[in-house]
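Written out below as structure tokens is the structure these notes cover.
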Number of protein chains: 2
Amino acid sequence: MKSPSHRLGDLQLRILQSLWDRPDSSVAEVHAELKPERDLAYTTVATMLRKMETRGLVTHREEGRSFLYRALVAAEEVSRSVGQHLVDRLSAGSLTEAVSHLLTSREVSRDELDQLEKLIKEAKRRAQ
Amino acid sequence: MKSPSHRLGDLQLRILQSLWDRPDSSVAEVHAELKPERDLAYTTVATMLRKMETRGLVTHREEGRSFLYRALVAAEEVSRSVGQHLVDRLSAGSLTEAVSHLLTSREVSRDELDQLEKLIKEAKRRAQ
DNA sequence: GTGGCAATACTACCCGGGTAGTAGCTGCGT
DNA sequence: ACGCAGCTACTACCCGGGTAGTATTGCCAC
């Protein structure tokens with residue numbers, strides 16, 4: 001049950017997000033969804049999906065002449081390992097420092113701060 | 001003042017951290033510092049430093065027969081862009097979500113939560 | 001049944017991080 | 001004066017993400 005520290009590139013992560021949103025997407029659908037942000041060739045997406053399948057990140061089933069892809073890794077799981085990796089990289093494991101970096105990394109709206117406060121409180125409640 | 005979205009590998013980041021800690025380090029010193037965690041060849045570190053110099057991440061001056069290296073990018077700057085990149089990757093820019101992911105990514109001690117709360121409060125004070 | 005389209009399969013390439021071996025230089029100790 | 005130790009320079013390689021062109025397959029319409 002090792003969680004093999006998913007080392008995902010930007011495109012791979014983006015594709016996963018698309019599949020989490022809309023499971024059983026065809027290559028064409030994923031390609032269409034990514035089109036606005038990244039003008040990739042159709043075959044690029046197809047190739048990436050195939051590569052990701054060999055890595056166990058996604059799987060497919062056939063539907064007529066198309067493949068419908070599904071993510072095999074949970075969003076939770078990936079967020080966790082990506083996040084954990086960042087914390088390690090950035091601050092030798094100090095979560096507080098990491099968050100502190102995030103906070104100074106950009107303009108944070110009052111709204112966001114409120115939400116964050118709520119998050120912390122909730123975590124505290126859960127923790128006790 | 002361009003912040004060219006530093007795309008740093010793990011090793012590069014680790015080397016920078018070492019240099020932030022101890023500027024004007026020789027290759028030998030950086031190598032020694034990294035030794036316990038990553039048993040790299042001396043030349044590996046030297047090569048990486050040279051590569052990083054061509055990318056403008058570090059610079060060196062000569063001291064006798066050795067090169068003493070200094071980071072050219074600020075810790076702040078790098079933390080920011082690395083953190084920002086994560087937020088973008090993970091949650092399409094939602095900082096709240098990103099932090100939420102970090103919070104669920106591991107056991108968070110009560111202490112850490114307290115610290116975090118303090119962080120938020122401070123940010124709020126600064127924001128108004 | 002044949003042309004064409006849409007889909008996948010295969011292959012190749014680039015790039016950059018990471019890793020390290022080997023060659024070449026130089027100053028220091030004896 | 002000479003050789004060794006230590007240092008940099010050069011070169012090469014692997015690997016994986018990313019990108020895409022070309023080949024092949026198979027279905028559908030007419």
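Chain naming here is simple, since letters A, B, ... match the order of the sequence lines and numbering starts at 1 in each.
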### Task
Examine D:dG17: is either OP1 or OP2 under 4.0 Å from a nitrogen or oxygen in the side chain of A:R55? Give yes or no.
yes
### Query
If you pin A:G64 and A:T43 to their nearest nucleotides in DNA chain D, which one's is more 5'?
A:T43
### Carboxylate-amine/guanidinium proximity below 4.0 Å for B:E33 and B:R14
yes
### Task
Indicate, with a heavy-atom threshold strictly under 4.0 Å, whether B:T47 touches base, sugar-phosphate, or nothing.
base
### Heavy-atom side-chain contact between B:R55 and B:K51 under 4.5 Å
no
### Query
Do the side-chain N or O atoms of A:R38 get closer than 4.0 angstrom to the phosphate oxygens (OP1, OP2) of D:dT19?
yes
### Message
Expressed as a whole number of angstroms, how long is the span from B:E53:CD to D:dC10:C1'?
### Response
16 Å
#### Entry: Polar pair under 3.5 Å, donor/acceptor by atom type, side chain A:S66, base C:dA7
no
### Query
Which comes earlier along DNA chain C counting from the 5' end, the contact point of A:H60 or that of A:K51, where each point is its nearest nucleotide?
A:H60
### Task
Quick one: sort the B:Y42 and B:H31 rings into parallel, tilted or perpendicular, breaks at 30° and 60°.
perpendicular
### Task
Nearest whole angstrom, please: distance from the C1' of C:dG16 to the CZ of B:R7.
11 Å
### Query
Within the structure, does a side-chain N or O atom of A:R50 lie under 4.0 Å from either OP1 or OP2 of C:dT8?
no
### Whole-Å distance separating the CD atom of B:E62 from the P atom of D:dG6
19 Å
### Query
So, is B:Y42 near the phosphate of D:dT8, with a side-chain N or O under 4.0 Å from OP1 or OP2?
yes
### Modelled atom types, side-chain donor and acceptor of A:D88 and A:Q84, under 3.5 Å
yes
### Summary
When A:T44 and B:F67 are each assigned the nearest nucleotide of DNA chain D, the 5'-most assignment goes to B:F67
### Query
Which part of the nucleic acid, if any, lies within reach of B:A46 when heavy atoms closer than 4.0 Å are counted: base, sugar-phosphate only, or nothing?
nothing
### Summary
Quick note, A:A41 side chain, CB onward, closest among D:dC7, C:dT19, D:dA20 is D:dA20
### Query
Side-chain donor-acceptor pair under 3.5 Å between A:Q115 and A:D111, yes or no?
no
